[in-house]
Structure formats: structure tokens, C-alpha cells
A.B. asks: 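Below: one structure in C-alpha cells.
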Amino acid sequence: MDWSTTARLERPLRAQSDPEWVAGLWQRDDARLLPVTTRGRVGFRAPGELAFVRPEGGFEPGRDVFVGLVADAPVFAQIVIEDDALRALVGDGVVTAALRTGMDDVDDGLDVAFAAAALAQWHGRAAFCPACGHRTRVIHAGQARHCDTCDADLFCRTDPAVIMAVLDDADRLLLGRQRVWASRHVSVFAGYLEAGESAEQAVRRELAEEVGLRDLRDLRYLGSQPWPFPRSLMLGFTVRTSTSGVRVDGDEIEAARWFTRAQLRTALDAGEVTLPSRCSIAHRMITTWLRG
């Protein structure tokens, strides 16, 4: 999935103001529906094949969400709570799993699945107004919610996070592992932006906190990627340092190591380390460096 190109998924503004138009899209023969749970779980008919189904009945706001158009064909999500309800919609022979664990093999529909998972997880947490505590209702074909008590409109927000590849003067790459990860798993470093902080400042703060690096220079933006777990936007950077010593925080990061390209290839071939999902910007950052 190339997130740097024009989006294949179109999100017409008309859907926010014309419920009859959305209802008509629901009835079209080329309409597709992806059931998804409020925890971001979906169905797979086979590895990499998302379990899309044909919409049935009528469009129900609060349950059904208009995701957008793909090649002019409408795509919807239906939000359910449990795996049993998901399986009832997609039929026998479908494996239910977290999108995050099954996304590596998805060639068609990953953009739709990312959007559907982000919206479903948001709706699962936004039933009550954060301003006054009263129940909200779904509006704009599932793209927003409204509180009738205080007249607030709520939208699915995206949480920005930075992810950074750290290189030293010898062009080695620093990789670390979190305590909660599977054994042998390593990656570049990442963290959420804090209030009143720029992305560049977040890069510097996170690296100082996690691995004790403060001598940083040549900070460069690489690109971004949506990451609907639950609804983040990853902002990729490279940064260089002249400091070879690192000091892990011991809390979030339990180990960090500098790799040359030859060392990382050897470690990967030997199964000593594993890399992030190939759908992730982290994987692309590491493998791009690895290729020189």
C-alpha cells in the first residue's frame, strides 16, 4: 500500500448531508460491506482476503457507516460488538482476527479496512459526550456523532505520533525493543505527540527519554501513514547523532542496539531478530535503509 499517492478511497462530502443518497448507495449491486468489531477485528476468508459481503436490508445509522467510494463503487462498514456477530454476517469458513495481525497479506482493501477499523473503534468509545456526559447519536452517515443536550458535534480524531530512524556517523541504524513485544522483535522508535508540542520536538523528547540521545541533528521528514490501532497517524523522520552510547529507560524500552547493514542481515537470516509488519512505515524505513 503506497500512502504517498492520491487516495484510492474517495470520501464524498455529499454523504454528510444527503441520507437518501447514502441509502441509495447501500442498495446498489456493486456495494460492499466490511463488518468490523469495536475492537478492530475483521473477518478473513483466506490469508489476505478480507470478508466483504453484500449489504442487506436498509442502511441503519448507528450500526452502518459509509466509508467511501472505491472506483465509484460504494463501500460500507457495519459495526458489531463481538466476534460471534461478525461471523454471523460473513458466514462459515471465515477466520476472525485483529486487523493488525492479519494485514500483512492484504492486497486489496487495506485502505478501506484501515478506515473502517478506525471508525468502528472510535464509535465504540464515543457513545457519551465528553463535554456533558449525555448519550450521543450518529450523524453524517457514520462520520460524526452529535450530542442533543449540549449541541456538540464529535468527529473521529486522529492522534499524531512520530516514528524515527536514528543513524550514527557510521550510518548504523539504532533498533530497540519494548518490554511488551514478542521476543526477538525490534523496531525503530516512536511516540505520541504531547499537548503544545511540534512533531520535531516530539522526536527529540522521545529519543532523550527512551534511549538518552540528545545530540541530534539533520532531522528530516520522510512521510506519513495512517495506523488505526486505534486511530493514529504515524509521522516518519530520520535523524542523526554522533553519540554511540545509548541508555535505555528500562521501562518502555528494555534494549537497544546499533546495527550495520551486514549485522542486521545476519541477525535476520539467523532468526535472531524480527522486524515490524511489512504494512507498517517502520518496516519500510528499516528495509529502505537496509537496501542502502
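For the single chain, residues carry numbers from 1 onward in sequence order.
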A.B. asks: With distance as the sole test, does Arg231 use its side chain to make a donor-acceptor pair with the main-chain N or O of Arg157 at under 3.5 Å?
C.D. replies: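 It does hold such a pair.
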A.B. asks: Test Leu213 against Leu174 for side chain to side chain contact (heavy atoms under 4.5 Å, CB included), laying out the working first.
C.D. replies: CA-CA 11 Å; Leu213 290 178; Leu174 185 64; 3.9 Å; yes
A.B. asks: Quick one: pull up SG in Cys129 and CZ in Arg135 and give me the separation to the nearest 0.5 Å.
C.D. replies: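 If I round to the nearest 0.5 Å, the distance is 12.5 Å.
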A.B. asks: How long is the span from the CE atom in Met1 to the CD1 atom in Ile281, to the nearest 0.5 Å?
C.D. replies: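 Rounded to the nearest 0.5 Å, the CE-CD1 separation comes out at 13.5 Å.
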A.B. asks: Within a radius of less than 6.0 Å around CZ of Arg63, do more than 12 heavy atoms belonging to other residues, nucleotides or ligands occur?
C.D. replies: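 Buried by this count: over 12 neighbours within 6.0 Å.
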A.B. asks: Could you work out the complete set of other residues in the hydrophobic cluster of Tyr192, with links drawn between I, L, V, M, F, W and Y side chains under 4.5 Å apart?
C.D. replies: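 Cluster partners of Tyr192: none, it stands alone.
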A.B. asks: Looking only at non-hydrogen atoms, find the nearest pair between Val188 and Ala282 and report the distance.
C.D. replies: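 That would be CG2-CB, 4.0 Å.
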A.B. asks: Between Leu193 and Val162, is there a side-chain heavy-atom distance shorter than 4.5 Å?
C.D. replies: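 The answer is yes; the side chains approach within 4.5 Å.
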A.B. asks: In this structure, would Leu290 and Trp258 fall into the same cluster of hydrophobic residues linked by side-chain contacts under 4.5 Å?
C.D. replies: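 No: no chain of side-chain contacts under 4.5 Å links Leu290 to Trp258.
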A.B. asks: Could you pull out the closest heavy-atom pair between Arg145 and His123, with the gap in Å?
C.D. replies: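 Of all heavy-atom pairs spanning Arg145 and His123, the closest is NH1-ND1, 2.9 Å.
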A.B. asks: Any donor and acceptor pair, going by atom type alone, linking the side chain of Arg240 with main-chain N or O of Asp168 inside 3.5 Å?
C.D. replies: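 Yes.
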A.B. asks: Kindly compute the distance separating OG1 (Thr149) from CZ (Phe128), expressed to the nearest 0.5 Å.
C.D. replies: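 Answer for the OG1-CZ pair, Thr149 versus Phe128, is 11.0 Å.
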A.B. asks: With a 6.0 Å cut-off on ring centres, are Trp3 and Phe114 close enough?
C.D. replies: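 Here the rings of Phe114 and Trp3 have centres that are less than 6.0 Å from each other.
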A.B. asks: Using the rule given for side chain to side chain contact (heavy atoms under 4.5 Å, CB included), can you reason through Asp30 versus Asp72, listing the C-alpha separation, both sets of side-chain angles and the distance that settles it, and then say yes or no?
C.D. replies: CA-CA 9 Å; Asp30 58 350; Asp72 200 42; 5.9 Å; no
A.B. asks: Report the C-alpha separation of Asp151 and His146 in whole Å, then their side-chain angles, then the decisive distance to 0.1 Å, and conclude whether the side chain to side chain contact (heavy atoms under 4.5 Å, CB included) test is met.
C.D. replies: CA-CA 7 Å; Asp151 202 33; His146 182 77; 3.0 Å; yes
A.B. asks: Do the non-hydrogen side-chain atoms of Leu275 and Ser280 ever get within less than 4.5 Å of each other?
C.D. replies: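 No, their side chains stay 4.5 Å or more apart.
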A.B. asks: Could you tell me whether a side-chain N or O of Trp122 sits under 3.5 Å from a main-chain N or O of Thr158, the two making a donor and an acceptor?
C.D. replies: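 Here the side-chain-to-backbone pair does not exist.
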A.B. asks: Would you indicate whether the side-chain heavy atoms of Trp26 and Pro74 approach each other to under 4.5 Å?
C.D. replies: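 No. Closest side-chain heavy atoms not under 4.5 Å.
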A.B. asks: Determine whether a donor-acceptor pair (N or O, by modelled atom type, separation under 3.5 Å) exists between the side chain of Gln178 and the backbone of Val186.
C.D. replies: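 Side chain of Gln178 to backbone of Val186, a donor-acceptor pair under 3.5 Å: no, none is there.
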A.B. asks: May I ask you to test the Phe44-Asp105 pair for a side-chain heavy-atom distance under 4.5 Å?
C.D. replies: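 They are not in contact (no side-chain heavy atoms under 4.5 Å apart), so the answer is no.
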A.B. asks: Can you establish whether the number of heavy atoms outside His185 located under 6.0 Å from its atom NE2 is more than 12?
C.D. replies: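 Above 12, so yes.
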A.B. asks: Indicate yes or no: at least one non-hydrogen side-chain atom of Pro12 is less than 4.5 angstrom from one of Phe66.
C.D. replies: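 The answer is yes, as the side chains (C-beta and beyond) meet within the 4.5 Å cut-off.
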A.B. asks: Using modelled atom types only, decide if a donor and an acceptor are shared between the side chain of Arg137 and the backbone of Asp148 within a distance under 3.5 Å.
C.D. replies: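 Here the side-chain-to-backbone pair does not exist.
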A.B. asks: Are Val94 and Val53 co-members of a hydrophobic cluster defined by side-chain heavy atoms under 4.5 Å apart?
C.D. replies: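 Yes.
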A.B. asks: Distance-only, no hydrogens or angles: does the Glu206 side chain make a donor-acceptor pair with backbone N or O of Gly191 under 3.5 Å?
C.D. replies: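 It does not hold such a pair.
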A.B. asks: Which distance, rounded to the nearest 0.5 Å, do you find between the CZ of Arg41 and the CZ of Arg100?
C.D. replies: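 Result: 14.0 Å between the selected atoms.
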A.B. asks: Which heavy-atom pair separates Leu34 from Ala116 by the least distance, and what is that distance?
C.D. replies: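 Shortest heavy-atom separation between Leu34 and Ala116 comes out as CD2-CB, 4.3 Å.
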A.B. asks: Should Ser242 and Arg217 be marked as a side-chain hydrogen bond (donor to acceptor under 3.5 Å, both in side chains) after you check the CA-CA gap, both sets of side-chain angles, and the distance that decides it?
C.D. replies: CA-CA 9 Å; Ser242 297; Arg217 69 180 193 280; 3.0 Å; yes
A.B. asks: How long is the straight-line distance from CZ of Phe52 back to CZ of Arg45, given to the nearest 0.5 Å?
C.D. replies: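 Atom-to-atom, Arg45:CZ and Phe52:CZ are 10.0 Å apart.
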A.B. asks: On a heavy-atom basis, which atom in Leu50 and which in Gly109 lie closest, and how many Å separate them?
C.D. replies: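 Closest approach of Leu50 to Gly109: CD1-O, 3.6 Å.
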A.B. asks: State whether the number of non-hydrogen atoms from other residues, nucleotides or ligands found under 6.0 Å of Glu82 atom CD is greater than 12.
C.D. replies: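 No, not enclosed.
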A.B. asks: Look only at the side chain of Arg28 and the backbone of Gly24, and say whether a donor-acceptor pair between them is shorter than 3.5 Å.
C.D. replies: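 Flag not set: sc Arg28 to bb Gly24 has no pair under 3.5 Å.
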A.B. asks: When you compare the side chain of Glu252 with that of Glu209, does any pair of heavy atoms fall below 4.5 Å?
C.D. replies: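 A side-chain contact is absent here, since even the closest heavy-atom pair is not under 4.5 Å.
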A.B. asks: Could you walk me through whether Phe59 and Leu25 pass the side chain to side chain contact (heavy atoms under 4.5 Å, CB included) check?
C.D. replies: CA-CA 9 Å; Phe59 180 84; Leu25 294 177; over 6 Å; no
A.B. asks: For Thr96 and Arg87, does a side-chain donor sit closer than 3.5 Å to a side-chain acceptor?
C.D. replies: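 Indeed, the side chains of Thr96 and Arg87 share at least one donor-acceptor pair under 3.5 Å.
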A.B. asks: Closer than 4.0 angstrom, basic N to acidic O: yes or no for Asp2 and Arg8?
C.D. replies: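 No.
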A.B. asks: Given the rule that I, L, V, M, F, W and Y join up when any side-chain heavy atoms are under 4.5 Å apart, are Leu175 and Ile163 in one cluster?
C.D. replies: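 As far as the 4.5 Å side-chain criterion goes, Ile163 and Leu175 are connected within one cluster.
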A.B. asks: Would you say the side chain of Ile253 lies within less than 4.5 Å of the side chain of Phe189, judging by non-hydrogen atoms?
C.D. replies: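 Yes; the side chains approach each other to less than 4.5 Å.
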A.B. asks: Quick check: is Phe259 connected to Leu167 through a chain of hydrophobic side chains (ILVMFWY, heavy atoms under 4.5 Å apart)?
C.D. replies: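 Yes, same cluster.
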A.B. asks: Using distance alone, with no hydrogens and no angle criterion, decide if Arg172 and Ser244 have a side-chain donor and acceptor under 3.5 Å apart.
C.D. replies: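 Their side chains do not contain a donor-acceptor pair, so the 3.5 Å distance test is not met.
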A.B. asks: With distance as the sole test, does Thr136 use its side chain to make a donor-acceptor pair with the main-chain N or O of Cys147 at under 3.5 Å?
C.D. replies: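 No; judged by distance alone, with no hydrogens or angles, the pair does not exist.
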A.B. asks: Working to the nearest 0.5 angstrom, can you tell me the gap between Gln78 CD and Leu86 CG?
C.D. replies: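 It is 9.5 Å, given to the nearest 0.5 Å.
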A.B. asks: Near Arg214 CZ, under 6.0 Å, is it more than 12 heavy atoms from other residues, nucleotides or ligands?
C.D. replies: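 Atom CZ in Arg214 is not packed in, count stays at 12 or less.
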A.B. asks: So if you build clusters from Ile, Leu, Val, Met, Phe, Trp, Tyr with side-chain heavy-atom gaps below 4.5 Å, do Val246 and Val203 land together?
C.D. replies: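 In one cluster with Val246: Val203, yes.
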A.B. asks: Below 4.5 Å, heavy atoms only, C-beta onward: do Leu33 and Leu89 meet side chain to side chain?
C.D. replies: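 In short, these two side chains do not touch, never coming nearer than 4.5 Å.
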A.B. asks: Short question: side chain of Arg177, backbone of Trp181 - any donor-acceptor pair under 3.5 Å?
C.D. replies: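 Yes: the side chain of Arg177 pairs with the backbone of Trp181.
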A.B. asks: Closest heavy-atom contact between Trp227 and Cys279?
C.D. replies: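 Reported closest heavy-atom pair: CZ3-O, 4.4 Å.
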A.B. asks: Closest heavy-atom contact between Ala199 and Leu235?
C.D. replies: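 Answer, listing the atom of Ala199 first, then Leu235: CB-CD1, 4.1 Å.
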A.B. asks: Out of Ile79, Leu99, Ile81, Asp83, which one pairs with Thr37 under the side-chain contact (heavy atoms from CB on, under 4.5 Å) rule?
C.D. replies: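 The passing option is Asp83.
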A.B. asks: CZ of Arg261: more than 12 outside heavy atoms within 6.0 angstrom?
C.D. replies: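 Atom CZ in Arg261 is packed in, count exceeds 12.
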A.B. asks: Taking the side chain from Gln143 and the backbone from Gln16, do they hold a donor-acceptor pair closer than 3.5 Å?
C.D. replies: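 Judged by distance alone, no pair lies under 3.5 Å.
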